[in-house]
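Contents: one structure, followed by commentary.
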Amino acid sequence: MNKFDRKLFTLFAVAFAAASVVVTGCRTVDDVLVDYRANISAGRYAEAAKEPAELAAEGGGDALMWRLMAASAHDLAGDTDAALAEFDAAEDKMIENDKSSVFSQSVDTANAMMLNDKYFPYDGGGQDRIFTCLYKAVGYASKGDIAAARTELNRASQHQENWLWERRKDIAAADDRLAKESVEYANEKSEDHDVDAGQSDIVVQNAMRDGTFGNSLKEAFGFDIFTSGVLDKLRPEDYQNPYLSHVCGVFRWLAGDGDQRGFFKDAILLRPKNSVVRGDLAACEKGVRPRNQVWVYVEDGLGPEREKWRIDLPVLLIPKAEKYVKSIDLALPRLIERPAAAKAWSVGGKPMEVIADVKALAKIEYDVYMRGAIAREITRTVIDVGIQVALGVAAENVSDWRTQVALKASQLAVAAYSAARRGADTRCWPTLPRTVYLARIPRPADGTLRVVADGIEVVQAELPAGNSMVFVRKPSPEATPSVKVVTWPPAN
């Protein structure tokens with residue numbers, strides 16, 4: 001078997017293996033996500049936890065995501081202990097990812113960066129980190145363990161402070177690996193034919209300045225190639241979570257901890273029009289201690305999900321490509337918003353106000369990811385097309401028909417290989433909320449808190465005397481609300 005036959009055999013074998021996953025009916029990550037979302041939206045929380053918990057126990061690069069999904073489902077089902085156990089296991093993996101970016105970690109597949117981002121472990125950064133610690137804090141506090149809750153809120157706040165640094169770390173690690181593996185991959189697949197991996201940098205730069213391509217990105221993904229995901233253009237109010245800031249402020253205020261005002265000031269910076277936050281800061285600065293007050297937080301709906309989407313890259317951006325390749329497409333994840341659970345919330349006859357637009361926070365993190373993902377996908381595609389062009393040029397300049405046939409067959413095999421490996425990373429933690437609402441009212445005279453969604457009472461909660469923080473989660477209009485109550489003095 002000559003070198004062209006070997007290449008042909010290898011490339012077709014990989015393409016066949018990738019295609020066989022589809023025809024054999026194996027459940028993919030996307031299959032599991034679809035069923036999970038359906039169960040959560042229908043309020044089948046215990047059922048939703050089963051498969052992610054089983055997959056998490058098997059380990060692998062997606063284990064962190066499965067842990068988060070199982071933890072959320074257990075939490076919604078009211079099994080706080082099981083949720084805390086899964087959140088703890090998820091955080092162990094997050095701590096491991098803190099030591100080195102997922103793009104720096106070793107993986108089983110050679111030149112993984114030249115395949116697609118799904119070959120790397122699920123990251124679990126940004127809002128994943130913040131909400132994990134926040135949910136753990138609420139879980140511990142609802143069980144009366146205020147010390148553990150305090151620790152988790154402190155850690156959530158630190159993750160919020162580290163947000164920019166963590167994004168920069170991942171971007172640098174991805175860029176370094178891409179630069180190294182693009183050269184290795186080009187040399188391996190093209191053998192002795194001239195393929196300049198470095199030209200992909202020029203194509204990326206040209207693509208990010210190309211008006212036609214830019215308009216396509218904006219239309220398909222809501223991504224602006226000039227402004228979206230540029231870290232230096234972001235303000236704290238773009239990426240920090242006011243829900244966390246306010247919870248930390250109220251918790252410290254009720255627990256008698258220090259620096260309550262700092263968290264309230266942060267929340268006002270992030271959500272300046274929220275009257276509850278302003279009232280809390282004003283009272284706190286006057287030294288007022290709350291008595292028989294109730295703070296109600298409603299996590300409404302589910303945050304955006306990701307789906308695979310293909311977009312054309314102009315052929316003319318790649319030198320000589322138009323002669324050998326008719327069309328070039330990229331596979332990228334598209335963000336899809338999901339509906340709210342209700343249009344309006346009220347408690348004690350008082351309208352609730354938005355404290356956090358989590359879908360907007362998710363869009364910021366998506367944009368930061370996409371800026372790197374677009375560059376990576378263009379690089380992969382440019383090098384694959386470059387190999388096809390090099391093989392095509394070589395085929396035109398040899399006289400031996402056997403060699404010419406082998407070269408053209410290799411050219412087709414590279415195209416098949418490229419198509420087989422192409423995929424968008426659609427992984428996400430799909431149980432984060434869409435929007436978070438807030439209200440503060442005096443404890444009802446009868447001790448019963450009534451929460452109303454679109455004019456219909458959906459929650460009744462008995463509140464003991466004292467101050468309370470009430471956390472309600474309603475993933476969809478059909479789903480049963482989940483309720484956790486934290487009281488001061490705390491129940492033991």
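Note that this is a predicted model, so its numbers are computed, not measured. For reference, positions follow the sequence shown, starting with 1.
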(message) With a 4.0 Å cut-off on N to O distance, would you call R27 and E51 a salt bridge?
(response) yes
(request) Would you confirm whether R177, through its side chain, and F103, through its main-chain N or O, come within 3.5 Å as a donor-acceptor pair? (result) yes
(message) One thing to verify: whether D259 and K265 come together as a salt bridge, which I'm taking to mean a side-chain N less than 4.0 angstrom from a carboxylate O.
(response) no
(message) Could you work out, with salt bridge (charged side-chain N to carboxylate O under 4.0 Å, His left out) as the rule, every residue matching D170, not counting sequence neighbours?
(response) R167
(request) For A83 and A71, work out which heavy atoms get closest and say how close. (result) CB-O, 3.4 Å
(message) I'd like to know if the side chain of S104 and the backbone of S100 have a donor-acceptor N/O pair within less than 3.5 Å.
(response) no
Side-chain donor-acceptor pairs of residues 339-351 under 3.5 Å, sequence neighbours excluded:
| unit_1 | atom_1 | unit_2 | atom_2 | d |
| --- | --- | --- | --- | --- |
| W345 | NE1 | D300 | OD2 | 2.9 |
| K350 | NZ | R440 | O | 3.1 |

(request) Describe, in one word, how the ring planes of F131 and Y243 are oriented to each other, choosing from parallel (under 30°), tilted (30 to 60°) and perpendicular (over 60°). (result) tilted
(message) Would you say the ring centers of Y45 and H74 fall short of 6.0 Å from each other?
(response) no
(message) Taking S275's backbone N and O only, do any of them form a donor-acceptor pair with E353's side chain (distance below 3.5 Å, no angle check)?
(response) yes
(message) Donor-acceptor check, side chain of N292 to backbone of A465, threshold 3.5 angstrom: yes or no?
(response) no
(message) For E96, is there an ion pair with K99 - N to carboxylate O distance below 4.0 angstrom?
(response) no
(message) Could you check whether D30 pairs with K308 (Lys NZ or Arg NE/NH1/NH2 to Asp/Glu carboxylate O, under 4.0 Å)?
(response) no
(request) Could you tell me whether F263 and H246 have their ring centroids closer than 6.0 angstrom? (result) no
(request) Sorted by first residue and then second, give each side-chain hydrogen bond (donor to acceptor under 3.5 Å, both in side chains) pair with at least one member in residues 128-137; sequence neighbours left out. (result) D88-K136, E91-K136, D98-R129, Y122-D128, R129-H159, Y135-E299, K136-E152
(request) Please confirm whether the backbone N or O of I268 pairs with a side-chain atom of K273, one donor and one acceptor, at under 3.5 Å? (result) no
